[in-house]
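Just so you know, these numbers come straight off a predicted model, no measurement behind them. Throughout, a chain's letter reflects where its sequence line sits, starting with A, and its residues are numbered from 1.
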Number of protein chains: 2
Amino acid sequence: MNLQQGITHKGLNLLLKLEPNIPKDLRATGRRMTRTRQAVLALLQRTRQPVSANEIFDQLQEEKVAIDLVTVYRTMHVLKELGMVLQLDLHQEGLSRYELKEGREHHHHIRCQICGLIVDLLLCPLKKVTKLIEQQTQFIVDDHTLEFTGLCPQCQ
Amino acid sequence: MNLQQGITHKGLNLLLKLEPNIPKDLRATGRRMTRTRQAVLALLQRTRQPVSANEIFDQLQEEKVAIDLVTVYRTMHVLKELGMVLQLDLHQEGLSRYELKEGREHHHHIRCQICGLIVDLLLCPLKKVTKLIEQQTQFIVDDHTLEFTGLCPQCQ
DNA sequence: TCCTTGTTGCAAGTTCATTGCAAATACCAT
DNA sequence: ATGGTATTTGCAATGAACTTGCAACAAGGA
């Protein structure tokens, strides 16, 4: 019996239910919905924290999904281009993390210095500040990144 | 004539005048003030923008200061440990930048997406927000990073 | 000036990420 | 359902930033 094939077919149906619009987004740019992209998207959907390429790779390995780390990177590249995924570069982590946009609001993160737990922050206090900065610097502000670090309740 | 030696001796005197407290900081932790550390510190002092290890290396090469890139990294490590230098990891640059603390106030940066110009921001709007976040998340907030990106006046 | 110990340069190694290319595969047309 | 073709994948190699091991060097106190 071919385990991989089983996952392919079941995974496909499952995903099309969860995110029926995603294949369209891909096809609209001449791309294809593949077994590996299904697997990555499904993982992102059920993952709460922003994940790194290596974490995606490891997790899929555990789930017996055959995928190469290179493919993970390429998939993230595509999903970023399509605007389906946000890339985060948290302070001094030395790697990139990714999270599904999927209609979520603009938000920031706080990360525990001990255990690495990353929690979403609901507020963004920077709307007014942005105008001030544009006046001060004469820049046209396009984006901002904000991140807090500290100790999570468990690690205090 | 030995250009390097000339720079060494003159550089030494110049630096001791500019920053008489630095050799003490080093010696207090059993470290030594060396020709290369002099050169790196002098460069940081006269540089306005946060600089990367490679930029430090290249600049010193141009100035005919003999130094290895490895030594630049090790020097930045020491200066960080002594609290004399801040390490910045700006969004999606994929490298670290450094700036002298030297009594400067807490501040953030804005970076031009086109030319890479980095400008200091004088305000930090996050003091009040931090308390709110501590209430919301039950974290103890230790630090934050904030960075804006956009288009500088030249590149608009 | 000597001696100890911290520092440097060189080479090699790590880690995260990208690229080239042949083989595999999605999926549209038939 | 099948075949054709353009996209995607895996493997191996490469790149970029940074770190580590070690012998030679040099700072600075005795």
Worksheet entry | From dC18(D), dT8(C), dA17(C), nucleotide with atom closest to T71(B) side chain | dT8(C)

Discussion item. Does S96(B) reach a base, just sugar-phosphate, or nothing at all? Heavy atoms under 4.0 Å.
Written reply: sugar-phosphate

Response to the item:
Whole-Å distance, R31(A) CZ to dT25(C) C1', equals 17 Å

Worksheet item: Is the backbone of E105(A) close enough, under 3.5 Å, to the side chain of H107(A) for a donor and an acceptor to pair up by distance?
Response: yes

Worksheet item: Within this structure, what is the CG-to-P distance between L60(A) and dT9(D), rounded to whole angstrom?
Response: 12 Å

Worksheet item: How about H106(B) and H144(B): are their ring centroids closer than 6.0 Å?
Response: yes

Practice prompt. Among the candidates dC28(C), dT8(C), dA17(C), find the nucleotide nearest to the side-chain atoms of T36(B).
Written response: dT8(C)

Worksheet item: Does a side-chain N or O from T34(B) land closer than 4.0 Å to OP1 or OP2 of dA26(D), or not?
Response: no

Kindly give the atom pairs (protein nitrogen or oxygen, nucleotide nitrogen or oxygen) under 3.5 Å for nucleotides 3-5 of chain C.
unit_1 : atom_1 : unit_2 : atom_2 : d
dT5(C) : O2     : R32(B) : NH1    : 2.7
dT5(C) : O2     : R32(B) : NH2    : 2.9

Worksheet item: What nucleic acid atoms does L69(B) come within less than 4.0 Å of, heavy atoms only: base, sugar-phosphate, or nothing?
Response: nothing

Discussion item. Please tell me if Y73(B) has a side-chain N or O lying less than 4.0 Å from either OP1 or OP2 of dT19(D).
Written reply: no

Fill in: Atom pair distance, as rounded to whole Å: CZ in R37(A) and C1' in dG10(D)
14 Å

Give each protein N/O atom lying under 3.5 Å from an N/O atom of nucleotides 11-14 of chain D, with the pair distance.
unit_1  : atom_1 : unit_2 : atom_2 : d
dC11(D) : OP2    : D68(A) : OD2    : 3.4

Worksheet item: In whole angstroms, how far is the C1' atom of dC18(D) from the CD atom of Q92(A)?
Response: 13 Å

Discussion item. For Watson-Crick and G-U wobble pairs within 3.5 Å on both distances, what is DNA chain D written in dot-bracket notation, | included for inter-strand pairing?
Written reply: ||||||||||||||||||||||||||||||

Worksheet item: Does N54(A) make a side-chain N or O approach to OP1 or OP2 of dC16(C) shorter than 4.0 Å?
Response: yes

